[in-house]
J.: 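Could you have a look at this structure, given as structure tokens, before my questions?
Computation of the quantities below employed the complete heavy-atom set of this structure, encompassing side-chain atoms and omitting hydrogens, waters and symmetry-equivalent molecules. Throughout, protein chains are lettered first and strands after them, A, B, ... in sequence-line order, and every chain is numbered starting at 1.
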Amino acid sequence: MSADGQRLPFEASAHLQTLIGRELFRTEESAVIELIKNAYDSDATRVIVTIRPQSQREPGEVEIRDDGVGMGRREFERLFMVAGYSEKDRVEYGSKRIPTGEKGIGRFASDRIGHDLVVLTKKKSAREGARIEINWDDFASRRKKFSDVTANYREEMLPLFDKKSGGTILRISRLRSVWTPKRIEALRNSLSQLIDPYVPPSDFEIDVQAPGNDRISGVIEPVTISSADIDLKLRIKNGGQLTRILGGERIGLVRETQLQTKFQNLAGLRARFFLFLQRGGSSRRPKNLEPGVRLFRDGFRVEPFGHDKDWLGIAERKASRAGHAQIDPKRLFGVVSISRRTHLGIRDTTSREALLDSEDVRDLVTILKDELSILEELIREEFTVPKWEANKAREQSRKTAEFETARLQTLGIMAIGVAHDLRQPLQTIRLQAENIARRLGQLDVEDALISECQTAIDRSVSRIDKRIRLFASISSGTFEDEQEIDLARLVNETCEDIRNICTSRDIELTVAVPSKQIASVNETLVIAVLTIILNNAIEALDEIVDDRTKRIIVTLTGNKANHTIEISDNADGIPEEIRANIFQRFTSQKPNGMGLGLNISRSIVRARNGDISFKSEIKKGTTFTVRLSAIDSVT
Amino acid sequence: VTKAKIRILVVDNEPDVLDSLRTSLSLSGYGVVTAATAVEALEICEEQPIDLAIIDFILPKMDGLQLLARIRQMRPMVRSIIISGQIASPTDSRQITDVLRERVQADDYLEKPVSGSDLERHIEALLASEPSSDWKEIGKRMLNGQNAKIKTAAEAAKALKQIKRK
């Protein structure tokens with residue numbers, strides 16, 4: 001017999017099933033995940049995984065029930081019974097769902113979970129459903145052919161499904177391992193990370209039930225991160241245009257960048273990276289989420305390169321830089337979303353646990369790595385300085401702080417001495433001026449001018465003395481005691497003290513206070529705060545170059561417990577860039593200003609349950625509001 | 001009593017302040033003696049009667065309060081005004097006055113820079129009020145510099161003896 005002209009068929013050993021079902025799926029969890037994906041592909045809106053672990057009374061069972069389209073005899077034969085057959089790769093743009101799998105092996109995953117499988121399925125339109133029983137052990141023989149193994153198929157009424165509903169129930173029994181609550185919890189956690197938190201699969205939920213254990217039963221929620229120190233959002237639009245939005249707790253203003261890339265093949269890609277800084281971070285790392293960058297396709301997680309968690313080379317980069325890398329892989333959380341519909345070049349391996357190497361996959365990795373480099377550069381520039389520099393800076397700031405404290409203490413001590421010293425010549429000036437006038441009077445020189453001069457000297461002495469008192473009080477901080485005084489009188493007097501300065505500078509000073517307003521306050525403090533704010537206003541008005549009428553308006557309002565003093569000017573306002581720092585020490589608008597006044601004033605007022613705030617408008621003016629509260633009335 | 005007959009002792013270590021006070025009080029018509037130190041002041045008190053002492057709080061070697069106590073031992077009926085360049089809040093100032101009255105029986109406390117007219121007002125008020133004729137009070141004043149306290153009649157009698165010896 002001639003041997004030419006014959007065609008020999010390939011046959012598969014029944015053992016192939018063991019290879020597919022049991023060895024392709026690394027864990028039982030991944031097998032459950034595969035079956036859930038199948039449910040999703042069948043247009044289910046809800047899949048319920050019920051796990052009844054083995055016990056002395058029960059044999060144990062894992063049930064996966066979906067409300068998808070279900071299967072009739074024809075579909076069952078075509079879709080279920082032929083290994084490696086799938087219609088899922090025929091992606092139609094109008095279809096309801098984007099299939100998550102395309103290999104036609106998902107059903108064999110149940111072998112990984114248990115020896116026996118019962119499939120109960122019913123099409124929505126059909127009256128009857130079908131019951132199929134499979135014993136995976138039948139495939140165990142290497143001598144048997146694949147097609148020698150049969151499944152027991154029986155059509156029957158399935159009371160488990162409503163008349164009008166369809167779906168598929170997989171009942172897996174003779175479980176291969178024991179499902180402890182801890183493992184169910186781990187499964188729940190895996191499932192929660194299976195769903196894309198930002199582009200979730202639409203109209204689909206997974207419910208895992210462990211009867212008798214409410215704690216680990218219920219609908220799976222995707223793990224989301226609400227805030228991070230750095231929050232980077234990426235999106236590639238049609239034509240390869242990339243939008244990068246940088247925000248987060250440590251990034252002041254959100255920055256948006258748009259640029260053109262060559263990655264037209266990645267249009268539709270979305271990615272979000274959350275980074276938690278090691279030092280100076282203000283957000284908390286999520287505890288129930290494993291760090292790393294997760295890839296989701298159409299709402300479901302896919303493993304880009306098997307179980308290589310470091311598919312973007314972050315840990316590798318860190319290792320190669322001996323601790324100088326800016327991104328700590330343990331502090332980076334990322335979500336990358338792609339779609340089978342738009343990214344046809346990104347396909348996964350049979351096990352669905354890795355992506356097939358392709359140009360698109362390499363581009364995906366390239367663009368994400370590039371973006372992480374940009375992020376790294378940003379952190380290097382904005383948040384990190386080399387250690388020795390940081391130490392140097394810290395040492396420097398410690399010294400500066402020490403020096404500042406010492407300087408302020410010295411100033412405080414000096415201020416008291418200076419005040420005492422200055423009051424001696426003031427005493428002499430006041431008395432001698434008075435003496436001259438009186439002596440002239442005794443000598444019968446009654447002259448209005450002389451008496452005016454003496455009065456002027458006396459008034460100046462008073463003013464200097466008040467300033468000295470203020471200076472000494474601020475330096476030594478004696479604002480402790482409060483007493484009942486007429487605040488209206490005090491505000492009036494303090495304003496009157498500067499009226500001459502105002503008049504000489506063409507400033508209209510208006511004081512609107514009630515005839516009397518009793519307040520329990522510290523007199524020195526009120527004078528100090530008012531004087532500082534009034535002087536600031538005068539200096540701001542001095543800067544005005546146009547010919548508007550310069551005005552300061554001081555008003556006092558309130559009741560027995562709360563008092564509000566408003567000081568408004570119509571100067572040019574406080575420049576926006578220094579508004580935020582106006583109450584900070586050593587921030588001053590004035591060429592010779594120390595920037596101490598407002599800082600100290602507010603600290604003291606706040607310590608006494610009051611507050612100082614301001615409103616400022618460029619070219620319009622500034623209003624400072626001083627709120628004073630009686631300590632008793634608050635506590 | 002005419003102003004000229006009233007003798008005021010002014011003690012201040014600042015020559016300019018001392019001069020201005022002397023001039024001011026003289027212009028008001030009082031008899032004024034001045035001292036730049038506590039020792040000088042005590043010498044003056046040994047030599048002549050004094051009705052009122054205006055003493056600066058801070059003096060070198062012996063402060064104003066110690067000096068007042070020593071003067072009181074010699075001349076228990078002397079009226080006193082303590083003046084000071086120290087900064088105190090109005091409340092503190094009133095408290096200081098109270099403390100000085102209680103502890104060293106100082107009659108008044110004024111802060112520099114005081115005006116001549118103010119000073120005169122205080123002096124007049126002080127002189128118009130009756131000096132204490134209470135021996136116990138006088139003994140208290142005398143013994144203050146020695147840290148003695150008079151609580152009983154016996155102690156007062158003892159103090160009286162001491163005063164009479166002077």
J.: Considering only residues two or more places apart or on different chains, which pairs with a residue in residues 448-459 of chain A satisfy side-chain hydrogen bond (donor to acceptor under 3.5 Å, both in side chains)?
T.: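 Listed once each, the pairs are Arg430(A)-Asp458(A).
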
J.: Does a side-chain heavy-atom distance below 4.5 Å link Pro113(B) with Asp465(A)?
T.: yes

J.: With Arg505(A), which residues qualify under salt bridge (Lys or Arg N to Asp or Glu O under 4.0 Å), at least two apart?
T.: Asp542(A)

J.: By number, which residues in residues 45-60 of chain B have some heavy atom less than 4.5 Å away from chain A?
T.: Ile58(B)

J.: Taking atom CZ of Arg463(A) as the centre, report whether more than 12 heavy atoms of other residues, nucleotides or ligands fall under 6.0 Å from it.
T.: no

J.: Which members of residues 17-41 of chain B, sorted by number, sit under 4.5 angstrom from chain A on a heavy-atom basis?
T.: Val17(B), Asp19(B), Ser20(B), Leu21(B), Thr23(B), Ser24(B), Leu27(B), Ser28(B)

J.: Quick check on Gln442(A) against chain B: is it the side chain, the backbone, both or neither that has a heavy atom closer than 4.5 Å?
T.: side chain

J.: Is the shortest distance from a Lys or Arg side-chain nitrogen in Glu14(B) or Arg423(A) to a carboxylate oxygen in the other one below 4.0 Å?
T.: no

J.: I need the Gln427(A) CD to Asp12(B) CG distance, nearest 0.5 Å.
T.: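 It is 8.0 Å, given to the nearest 0.5 Å.
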
